[in-house]
Amino acid sequence: MDYLEISGNKRLSGAIEISGAKNAALPVIAATILSTRPLTLANLPNVVDIQTLLKLLDMLGSQVEHKGTHARIDNGTMRSTRAVYEIVSQMRASILVLGPLLTRFGECEVSLPGGCAIGQRPIDLHLKALEAMGAKIEIKGGYVRAEAPGGLHGAKIIFDKITVGGTENVLMAAAMAHGKTEIINAAREPEIVQLCTMLSVAGVEVEGVGTGTITVYGTGGRTLEWREPIEIIPDRIEAGTYLCAGAITHSELTLERVNIEHIQAMIDKLESMGCRFTIGKGRITIHAPETLRPVNIITAEYPGFPTDMQAQFMAVATLAEGESLIEERLFENRFMHVSELNRLGADIWLKGNTAAVKGVESLYGADVMATDLRASSALVLAALAAEGTTRVRRIYHLDRGYDNLEGKLEKLGAHIIRKRE
Ligand code: EPZ
């Protein structure tokens, strides 16, 4: 198994480009199922999760040509509608094929994703919404079996809780349903906006894009026509992670190909910690101070502070002067990085869903274990600032969602090497 060896306590400098957003690319890839026409996607990140979803489409009978940041997907030859456990268990986001498969083919079987390191992550809201749209759903043998022989019909969906994946599944299902679907308490993430834009460019009428109420007028069973290609938006979480790398190493570094609006919540928090920014068109430079101030964070849905940045900010807070409070409101178990950060010398106490982070003078290199994607990047950030050498193990989590992490950090001057046990 690969691990990363990082010699820390070095300043970073220079510029890197931010890749396309994994969490925007996944629903876009799933949405290609809504058409029998080929579509080219550009600016895909080179990460394992994207390969996994493309492999699933390939298993369903699609023609997929994937090279670098581009993929050409032709779902005209798609024959199977069964998303098997072997793929879904590797990546929960495979559940995103449920809505588009069901609405296009009138039936499908998708393995239940099960829990994961950050929490239970049920899909009850996805299923309830599809049932409201006329689907007959049965859970048997670990699979969700869904049927809607005459197609789905529009409905008023009121989500009890804001769900990104649930909103995406309903949007895709509604695109080919009969009639109007109204989604109340919809997610407003930039990734949702990209999906809505993709659907409307393909001729589906979508209202309320980027708001909490989205209305979709379905095509009544007609497959969609793409206008190629689709360019995936920049990864706001990758950008935020590198801004944290600048902050924790007291550096000045520049990110290119970013959407500033999407990272505003992170900029605000870093500013409150004493960082300054120079912002240009699609680029941002962080100027980090010698001494960071503590920060209080409560995770929330977009445009609030993203749960996907909670671990990375906790890493930065370990070296701030004073006590930070970080409250996780979205997932019940997203603190697996706490004990690993403490192994590096951090002083973090957990009480319920809040972490009290007392800033320390220094962190010290040690062996640590990655537990999920963002927890892993938090450990890498801490290692960049720690004195001595840190080995971050189980980095397959990182490979799922960070495009060329060590290459980009190396370009910024970090001492980081990928090694094999
Ligand atoms: C997406 O997951 C992201 N994944 C996650 O990023 C991100 O952390 C999350 O949204 C929140 O922003 C992708 O986009 C592929 P949710 P998703 O449905 O859609 C509960 C990363 O590191 N819920 O918005 O699965 C759920 O348990 C990943 O890149 C239900 O109760 O998240 C959670 O508490 C990790 N029932 C809350 O809602 C449901 O049916 C929000 O989850 C669905 C969700």
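Counting starts at 1 for both ligands and their atoms, following the listed order.
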Counting each atom of ligand 1 from 1 as listed, which ones have a heavy atom of [X] under 4.0 Å away?
| X | answer |
| --- | --- |
| Lys22 | 21 (C), 29 (O) |
| Thr307 | 8 (O), 11 (C), 12 (O) |
| Ile123 | 39 (C), 40 (O) |

Which residue owns the protein heavy atom closest to [atom], what's the atom, and how far is it?
| atom | answer |
| --- | --- |
| atom 32 (O) of ligand 1 | Phe331 CZ, 4.0 Å |
| atom 41 (C) of ligand 1 | Ile162 O, 3.9 Å |
| atom 23 (N) of ligand 1 | Pro122 O, 4.1 Å |
| atom 19 (O) of ligand 1 | Gly165 N, 2.7 Å |
| atom 36 (N) of ligand 1 | Asp124 OD1, 2.7 Å |
| atom 16 (P) of ligand 1 | Val164 N, 3.7 Å |
| atom 34 (O) of ligand 1 | Leu330 O, 2.5 Å |
| atom 18 (O) of ligand 1 | Thr163 OG1, 2.7 Å |

Within the structure, does [X] bring an N/O atom to less than 3.5 angstrom of an N/O atom in ligand 1?
| X | result |
| --- | --- |
| Arg374 | yes |
| Ala93 | no |
| Glu189 | no |

What part of [X], side chain, backbone, both or neither, has a heavy atom within less than 4.0 angstrom of ligand 1?
| X | value |
| --- | --- |
| Asp308 | side chain |
| Leu373 | side chain |
| Arg121 | both |
| Glu301 | neither |
| Arg334 | side chain |
| His126 | both |
| Leu125 | both |

Answer yes or no: is there an ion pair linking [X] with [Y], defined by an N-O contact shorter than 4.0 Å?
| X | Y | value |
| --- | --- | --- |
| Glu238 | Lys408 | yes |
| Glu328 | Lys351 | no |
| Arg393 | Asp367 | yes |
| Glu147 | Lys136 | no |

Rounded to the nearest 0.5 Å, how far apart are [atom1] of [X] and [atom2] of [Y]?
| X | Y | atom1 | atom2 | result |
| --- | --- | --- | --- | --- |
| Asn75 | Thr32 | CG | OG1 | 4.0 Å |
| Glu271 | Arg293 | CD | CZ | 10.0 Å |
| Ile284 | Ile18 | CD1 | CD1 | 10.0 Å |
| Tyr217 | Leu199 | OH | CG | 15.0 Å |

Counting heavy atoms only, which of Thr299, Ile95, Asn23 is nearest atom 15 (C) of ligand 1? Asn23
Surrounding CE of Met369 (heavy atoms of other residues, nucleotides or ligands, distance under 6.0 Å), is the total greater than 12? no
Taking atom CZ as the centre, does Arg394 end up with more than 12 heavy-atom neighbours from other residues, nucleotides or ligands that are less than 6.0 angstrom away?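 Count not over threshold, so no.
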Any idea which heavy atoms bring Trp226 and Ser35 closest together, and the distance? NE1-CB, 2.9 Å
Minimum heavy-atom separation for Pro306 to Ala265, with atom names?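 Pro306 and Ala265 have their closest heavy atoms at CD-CB, 4.4 Å.
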Please determine, by modelled atom types, if His70 and Glu65 share a side-chain donor-acceptor pair under 3.5 angstrom.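 Distance-only check fails for His70 and Glu65.
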